[in-house]
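Data first, discussion second: the structure below is written as C-alpha cells.
Both backbone and side-chain heavy atoms feed into the values below; hydrogens, waters and symmetry mates do not. In the text below, chain A, chain B and the rest are named by the order of the sequence lines, each starting its count at 1.
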Amino acid sequence: MAPLEPWEKVLVDGKNFTTTVHGIFSCTSCHGGVQSGDKDSAHSGLIENPSEGPEVVCAQCHPDVAHVFENSLHATLGGYWTALEARSVPENHAALGAMFGNHCSSCHTTCGDCHVGQPSGVGGGLFNGHIFEKTPPMTRSCTACHGSRVGNEYLGKHEGIPGDVHFREGRMNCIDCHSGFELHGQPSDCAACHSGPESAQLPPPGHRYSGVQTPRCESCHFTVTTAQDDIDMHLVHGADLSCQVCHSITYTSCDGCHVAVSENTGKPYFETEASYLTFLIGKNIRKSYDRPYGFVPVRHVPISPASYSYYGENLLSNFDSLSTWTYATPHNVQLNTPQNASCSACHGNGSIFLTADKVAPEELNANRGVIVDVVPAALPDLLQAPAMPADHNGRSVCLVCHEKGAMGPSNPPDHARYQDSICRNCHILP
Amino acid sequence: MMRKMTLLALLCMALLLLAGCAGGELPQVAPASEDAPPGLSSRAEISPAAEAEDLASAQPEETVDYCLECHTDKDRLIDTARPEEEVISESKGEG
C-alpha cells in the first residue's frame, strides 16, 4: 500500500466532517493543543492519537466498546506473548520485552487505527478527511497490516492463484465474517454480568485460535452440519477435517525471521530468510471442543532459535515447546480444489501431508505433534470394504439391518455418522 | 330566555377552552452542547435558543476554528509540513 503524503495524512474534510456526530466536538477536545494561528503554538500539548493511552477519549461516548477493547488481541498483542513466553523462560522476558518494543508493538491497534485512519504501523493518515468509518475500508485497514498472508491470499495477489471465493464471488470484506463484536474483544470478568460456575468463565484470548471458534464457516453454511447439502464427504469427514483442508489452496509459509536494530540508521528492521507457497495438511495440535478436527492445513511461521539473537543468546531456550508448522486458516477458500477433486488426492498421497521428510531436522522435535506419521490409506486399500451381496441390488436402506447388527454384520464404530446414502461409495455391488 | 342562557354557556365554554391553549413557553430543545459528555466541548459557543433570543439585540461573535482553518487547506498543509525524513528500510522479505 502506497504511503500517504504528509498533507494527505492530516487533511480534514471540513464540509462533511463537521456535520457528523464526531465533528460537533472541537478539535482540541480530543486532540489537545491550543487554538492558535501559529502551528507550533497550536500543536503544543498535541495528542496525535486520542484513542491511545490510559485515558481513551472514545470511552466517554463508547464505554461499552472501549472497556472491552483493551482485552482484544489487537490491543494486547497477546498472541505474540503467548508464543514468546512458551518458547522462553522468565529470565529472558526482559530482553524479549525490548525486542517486542522495537519490532512487534507497532502492531498495537487503537480505535482510531481502524475507524479514522490507517494503522500507525503502516504510516498512519486519515482515511476520509477525519470522517469516522464504522466499517473500516478493508485494503487501507485490515489488509494494510494483515497483508503478506491473509491479504494476498484473500485478494488473489499470488500469480496464478485465485483469490478467496468470498471476495471474488461474494464481494465480502473482512467485517462480513470478522464482526466488530469479535474484533472489539470481550470483558475480562464474565462474572460482572453473568452468573455461573467459575469454570465457565472465559479468559481474554491469548491467541487468535483460542476459545470459541469465531467466525465459523457453519454460521452461514449451516447445511453442512445438518446433512442437508447432499455432499457425502461432509458427512464422512465433517468432524475430522477443518473446512480449509478441502476448500483452501496454496498459501504462504515463511522461514527464519531475524530482527535487529540498524547500526546505520538506528531503526529496527527484520530479515526473512524465505517465503514460499505450500499446501500441507498436518495434525491438529489445537484439538479441542471448539476445534475437534484431526487434520488441518499448517503454515510454517518464520521463527528460529536465533530470531532474537541481537537481543541476547539463547532467548528461546524452550523453542521446541511450540511447533513451527502451525494451525492455519488460509483465506483463499474455493469451492473446488485439488484436494476435493477425488478421494485419491489425499488418500495414499503423502505429498500433501506434512510428513517428517518435509520438516527441517532441527525442527522435528518441535513439530512432533503436527507431523503426519501415517498417511491416510490409499483408496484401493480403503476399498477393501466387503462388497455388497448381489441380492442387495436395489436396496437403499442399509442402517435398518446393519446399524446395530439386527439382521446383518454390524457397522464398525467408525461408521457411526454414516447414513444410507454413502454406503455404496465403498460397498460396491459385484 | 332559555336559548340565551344556552348560548351564553356555550360561549363561556369556548372561552375556557381557548384560554387553556394560550400561554406557556415552547419546550426548549436542548442544544447538542448540553448533551456532550463531560470533558468534550461543542464547536458552538452559544446555544441555538439563546442565539435566537439575542439575535435582535446583539451581533453574534464569529469564532475562528484555527484547527480546521489550517487542516482543511491543502496548500497550507503542504507549506507548513515538516520536512519528510527519508526512511530507508533495511527490512527484507515478507513482514
Taking all non-hydrogen atoms of both residues into account, name the closest pair between [X] and [Y] and its distance.
X: B/Tyr66; Y: A/Gln35; answer: N-OE1, 2.8 Å
X: A/Val12; Y: B/Thr72; answer: O-CG2, 3.4 Å
X: B/Gly93; Y: A/Phe270; answer: O-CE1, 3.5 Å

Which answer fits [X], side chain, backbone, both or neither, if we ask what part of it has an atom under 4.5 Å from a heavy atom of chain B?
X: A/Val34; value: neither
X: A/His43; value: side chain
X: A/Ser36; value: backbone

| said: Can you tell me how far apart CG (B/Asp65) and OG (A/Ser26) are? Round to the nearest 0.5 Å. | reply: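 It comes to 7.5 Å.
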Nearest-0.5 Å distance, CG of residue B/Leu77 to CD of residue A/Glu5 =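 The CD atom of A/Glu5 is 12.5 Å from CG of B/Leu77, to the nearest 0.5 Å.
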Against chain A, label [X] side chain, backbone, both or neither, depending on which of its atoms sit under 4.5 Å from a heavy atom there.
X: B/Cys67; result: both
X: B/Glu94; result: both
X: B/Ser89; result: neither

Got more than 12 heavy atoms from elsewhere within 6.0 Å of [atom1], [X]?
X: A/Tyr80; atom1: OH; result: no
X: A/Lys39; atom1: NZ; result: yes
X: A/Glu271; atom1: CD; result: yes

Exercise for the section: Tell me, with the steps shown, if A/Thr272 and B/Lys92 meet side chain to side chain contact (heavy atoms under 4.5 Å, CB included). Expected result: CA-CA 6 Å; A/Thr272 307; B/Lys92 294 177 186 173; over 6 Å; no
Original post:
chain B: which of A/Ser275, A/Pro302, A/Gly14, A/Gly37 shares the most heavy-atom pairs with it under 4.5 Å?
Top reply: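 Most heavy-atom pairs under 4.5 Å with chain B: A/Gly37.
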Exercise. Relative to chain B, which of A/Ala42, A/Ser262, A/Ala260, A/Gly129 shows the most heavy atom pairs under 4.5 Å?
Worked result: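 Maximum pair count with chain B is reached by A/Ser262.
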Sub-4.5 Å side-chain heavy-atom contact between B/His71 and A/Leu11
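B/His71 vs A/Leu11: side chains apart.
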